Amino acid sequence: MKKVVLSAFAFAMFTAVSANAQTAPSTQTPAATGTTQTGTQGAAQTGAGATQSTTTTTTTTATEETKTAVTVEELPAGVKTTLASATLKPWTATEAFLVKGADGKEYYAINLKKDNETGSVKLDKEGKPVK
């Protein structure tokens, strides 16, 4: 009887561990826009165009990038034009960051949301995709 109970318990634990190990989000990158879409579900948002007004700075020492939060309204005109284009119009910008690389190049990393999908796009100040 002990062997049956232990076998059932071991099988249940193995199944739970296997199921959790397979829940990695999928990533797709459309070539035209440089948008990354991930399959996350249930992300909460307070309002369609909610923006964050606090400024946070994150520095990564390995690549010497500085990431500063900016509001969507503070984005340059070229970036706003690209976000309003037919390709990105269905998406809503939720967060934006000004990223300064170690090589001195700057770009805007913008998090996007459409229904249950989330994505991000990296654009320079003219609104052109950055790799």
Side-chain angles (χ1 to χ4, degrees):
M1 185 67 172
K2 284 183 181 180
K3 289 181 183 180
V4 172
V5 172
L6 287 174
S7 296
F9 179 75
F11 179 75
M13 292 302 294
F14 178 76
T15 304
V17 170
S18 296
N20 286 334
Q22 297 176 3
T23 58
S26 63
T27 303
Q28 304 169 348
T29 305
T33 62
T35 303
T36 303
Q37 300 174 354
T38 56
T40 57
Q41 298 281 333
Q45 180 180 356
T46 58
T51 58
Q52 184 178 1
S53 60
T54 56
T55 302
T56 57
T57 303
T58 306
T59 304
T60 306
T61 56
T63 59
E64 296 298 324
E65 284 187 343
T66 303
K67 187 175 179 182
T68 305
V70 295
T71 63
V72 177
E73 292 80 22
E74 294 174 336
L75 293 172
V79 174
K80 288 181 183 179
T81 302
T82 301
L83 292 175
S85 69
T87 307
L88 294 176
K89 190 164 186 126
W91 294 84
T92 302
T94 58
E95 296 181 291
F97 299 95
L98 174 61
V99 181
K100 296 179 184 179
D103 56 359
K105 293 184 181 179
E106 294 183 352
Y107 65 90
Y108 292 90
I110 302 153
N111 294 332
L112 305 168
K113 182 174 171 49
K114 178 176 80 170
D115 300 327
N116 287 334
E117 296 179 86
T118 59
S120 64
V121 64
K122 295 177 183 178
L123 303 171
D124 64 10
K125 63 182 178 181
E126 286 83 31
K128 296 177 184 174
V130 175
K131 292 185 179 187

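Keep in mind the model is a prediction, meaning the values are calculated, not measured. Counting from 1, the numbers follow the sequence of the chain as shown.
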Contact check, side chains of Asn111 and Thr118, non-hydrogen atoms, under 4.5 Å: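 Of all side-chain heavy-atom pairs linking Thr118 with Asn111, none is under 4.5 Å.
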Close side-chain approach of Val130 and Tyr108, heavy atoms under 4.5 Å: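 When only atoms from C-beta onward are counted, Tyr108 and Val130 do not touch, as no gap falls below 4.5 Å.
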Heavy-atom pair with the smallest gap, counting every atom of Trp91 and Gly119: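 Looks like CZ3-N, 4.0 Å.
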Which distance, rounded to the nearest 0.5 Å, do you find between the [atom1] of [X] and the [atom2] of [Y]?
| X | Y | atom1 | atom2 | result |
| --- | --- | --- | --- | --- |
| Leu112 | Ser120 | CG | OG | 7.0 Å |
| Thr92 | Asp115 | OG1 | CG | 9.0 Å |
| Lys80 | Leu123 | NZ | CG | 13.5 Å |

Test side chain to side chain contact (heavy atoms under 4.5 Å, CB included) applied to Val121 and Thr82, step by step: CA-CA 10 Å; Val121 64; Thr82 301; over 6 Å; no
Donor-acceptor pair, side chain of Lys114 and main chain of Lys89, under 3.5 angstrom: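 No, the answer is negative, given that no donor and acceptor are paired below the 3.5 Å cut-off.
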From Lys125, Lys67, Glu106, Glu74, residue fulfilling side chain to side chain contact (heavy atoms under 4.5 Å, CB included) relative to Leu98: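 Considering Lys125, Lys67, Glu106, Glu74, a side chain to side chain contact (heavy atoms under 4.5 Å, CB included) with Leu98 is found only for Glu106.
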Partners passing salt bridge (charged side-chain N to carboxylate O under 4.0 Å, His left out) against Glu126 (at least two apart in sequence or in another chain):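 Testing Glu126 for salt bridge (charged side-chain N to carboxylate O under 4.0 Å, His left out), a comparison that skips the adjacent residues, returns none.
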Partners meeting side chain to side chain donor-acceptor pair (under 3.5 Å) with Asp124 (sequence neighbours left out):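 Checked Asp124 against side chain to side chain donor-acceptor pair (under 3.5 Å); zero matches.
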